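The structure appears right after this line, and notes come after that.
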Amino acid sequence: MIRSVVIVFALAFLVLSLLLMQRQDPGGPLIRTRMLMGTVVEIKVDEPDAERYETAVTAAFNAMERIEDLMSLHVPESDVSRLAAAGGPVRVAPETLEVLQVALEVAAASGGAFDPTLGRLVRLWGFADGHPRLPEPAEIEAAIGGPGLAGLEVDGRLVSQKSAKDLLDLGGIAKGYAIDRAIEVLAAAGVRHAAVNAGGDMRLLGERSGRPWKIGIQHPRQAGEVLGILELGNQAVVTSGDYERAFEQNGVHYHHILDPRTGYPADLCQAVTVVADRTVFADALATAVFVLGPERGMALLNSTPGAEGLIVAADGKISVTPGLREVVTWR
Ligand code: FAD
Ligand code: MG
């Protein structure tokens with residue numbers, strides 16, 4: 001009896017604390033978080049009387065969840081899971097098609113450095129299920145032995161993959177698209193100033209307290225330190241780093257951004273940050289530039305209209321595009 005009373009009190013206390021944590025200062029921004037796509041997503045609405053946008057924020061999270069349901073390999077009924085199981089053409093949602101189109105655009109622009117057909121390889125390395133391991137060279141050879149991009153066919157809304165050796169994986173781009181969807185939902189509800197942040201990848205709307213949003217760029221070798229601060233407006237900013245999903249074996253650092261040519265982690269960069277109008281594009285481009293390395297990656301950034309970026313090469317050398325130099329304050 002006493003035990004159940006204690007449990008009831010403990011639960012009531014927990015619920016009350018959670019409710020209090022969800023409240024914000026009167027007049028301050030509305031901040032909400034939800035766990036999505038294996039990461040913490042934070043939505044911040046910086047408006048007077050921000051609480052009136054509670055429903056819009058919930059709708060924005062729900063829109064992101066729909067993208068996860070369509071594009072996650074962890075969801076059995078998702079478009080990508082159905083494609084993996086089908087062995088033939090699958091009719092996908094318009095959203096999946098849109099992501100696929102941007103993926104193919106960035107794949108072409110990067111000469112295949114960005115490759116959304118690397119699912120088998122990503123699975124082999126164990127990055128998809130959170131149990132990474134070093135595969136045998138023969139396994140890697142087999143996993144990159146399919147036709148890849150050439151085997152991916154899009155005909156209207158019908159998508160098919162010629163070879164069972166390949167597997168569609170939108171892990172390098174779909175998070176960005178989900179962020180865009182959330183921003184669209186917020187804007188449609190009348191929100192003018194907001195930030196949607198999914199594990200450090202984000203898109204901004206308007207301003208923060210009447211000034212540009214200030215976004216820190218994570219130092220790739222010093223946890224908790226920033227390389228510099230970007231001042232941004234209605235833009236997306238995405239970082240791909242070799243420190244995000246990684247493991248060490250025999251003193252060698254292995255991470256989740258893979259070079260489609262070798263099947264091993266791309267080793268020319270520590271981190272790449274891309275600023276663009278749309279998060280879906282910035283996400284794919286950051287992954288592509290990371291694989292290409294500082295020289296070819298910088299050439300791709302400079303030849304892509306509307307994209308700016310910062311590259312930290314494997315040796316720590318930093319290079320930036322001219323447009324980014326104008327908005328960064330170094331630390
Ligand atoms: P990015 O650099 O943007 O992308 C790296 C990812 O892209 C790799 O993890 C791989 O999936 C893929 N990739 C690797 N090399 C290349 C290449 N050369 N070209 C193109 N793509 C490449 N994580 C969980 O732990 N649990 C989940 O349930 C979960 N669900 C998810 C659902 C969705 C819809 C998405 C998009 C992601 C999900 N994730 C989940 C996270 C996912 O596993 C990746 O870790 C994440 O997408 C990597 O994003 P990033 O921004 O860190 O790196
Ligand atoms: Mg990416």
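Indexing begins at 1, ligand by ligand and atom by atom, following the structure's order. Quantities reported herein were computed from a predicted structural model and do not represent experimental measurements. Values below: all heavy atoms of this structure, side chains included; hydrogens, waters and symmetry mates excluded.
Leu310 pairs in a side-chain contact (heavy atoms from CB on, under 4.5 Å) with only one of the listed residues (Val237, Thr321, Leu227), which is Leu227. Partner Asp180 forms a salt bridge (Lys or Arg N to Asp or Glu O under 4.0 Å) with one of Arg203, Arg278, Lys175 and no other, that one being Arg203.
Using a 4.0 Å cut-off to heavy atoms of Ser240, the atoms of ligand 1 that qualify are 1 (P), 2 (O), 3 (O). Close approach of ligand 1 to Glu244 (heavy-atom distance below 4.0 Å) involves ligand atoms 52 (O). Atoms of ligand 1 found under 4.0 Å from any heavy atom of Gly171, numbered from 1 in the order shown, are 4 (O), 6 (C), 7 (O), 11 (O), 46 (C), 47 (O), 48 (C), 49 (O). Short contacts between ligand 1 and Thr287, defined as distances under 4.0 Å to a heavy atom of the residue, involve ligand atoms 1 (P), 2 (O), 3 (O), 4 (O).
In terms of polar-atom proximity, Met37 is counted as a contact of ligand 1, with an N or O under 3.5 Å from an N or O of the ligand. No N or O atom of Val291 sits closer than 3.5 Å to an N or O atom of ligand 1. Looking at Leu258 next to ligand 1, an N or O pair under 3.5 Å apart turns up.
Looking at Thr117 and Asp166, their side chains never bring a donor and an acceptor atom within 3.5 Å of each other. Side chains of Tyr177 and Glu98: a donor-acceptor N/O pair is present below 3.5 angstrom, by distance only. For the 3.5 Å distance criterion, the side chains of Thr239 and Thr273 qualify, holding a donor opposite an acceptor. Using modelled atom types, one finds no donor on one side chain facing an acceptor on the other under 3.5 Å when comparing Thr58 with Thr55.
The Mg ion (ligand 2) has no N, O or S atom of Asp201 inside 2.8 Å of it. Taking backbone and side-chain atoms together, Ala282 has no N/O/S atom less than 2.8 Å away from the Mg ion (ligand 2). For residue Ser240, no N/O/S atom approaches the Mg ion (ligand 2) to within less than 2.8 Å.
Between Lys214 and Ile229, the shortest heavy-atom distance links the atoms CB-CG2, 3.8 Å.
In this structure, Arg208 pairs ionically with Asp46, as a charged nitrogen and a carboxylate oxygen lie closer than 4.0 Å. Here Arg66 does not pair with Asp69 in a salt bridge; the nearest charged N to carboxylate O distance is not below 4.0 Å.
A heavy-atom separation below 4.0 Å is not found between Gly176 and ligand 1.
Here the protein heavy atom with the shortest distance to atom 26 (N) of ligand 1 is Gly38 CA, 3.6 Å. Protein heavy atom at the shortest distance from atom 45 (O) of ligand 1 is Arg245 NE, 2.7 Å.
Under 4.0 Å from ligand 1, not a single heavy atom of Leu73 appears. Under 4.0 angstrom from ligand 1, the non-hydrogen atoms of Asp201 all belong to its side chain. Counting heavy atoms under 4.0 Å from ligand 1, residue Ala113 touches it through the backbone alone. Contacts of His74 with ligand 1, taken as heavy-atom pairs under 4.0 Å, involve the side chain alone.
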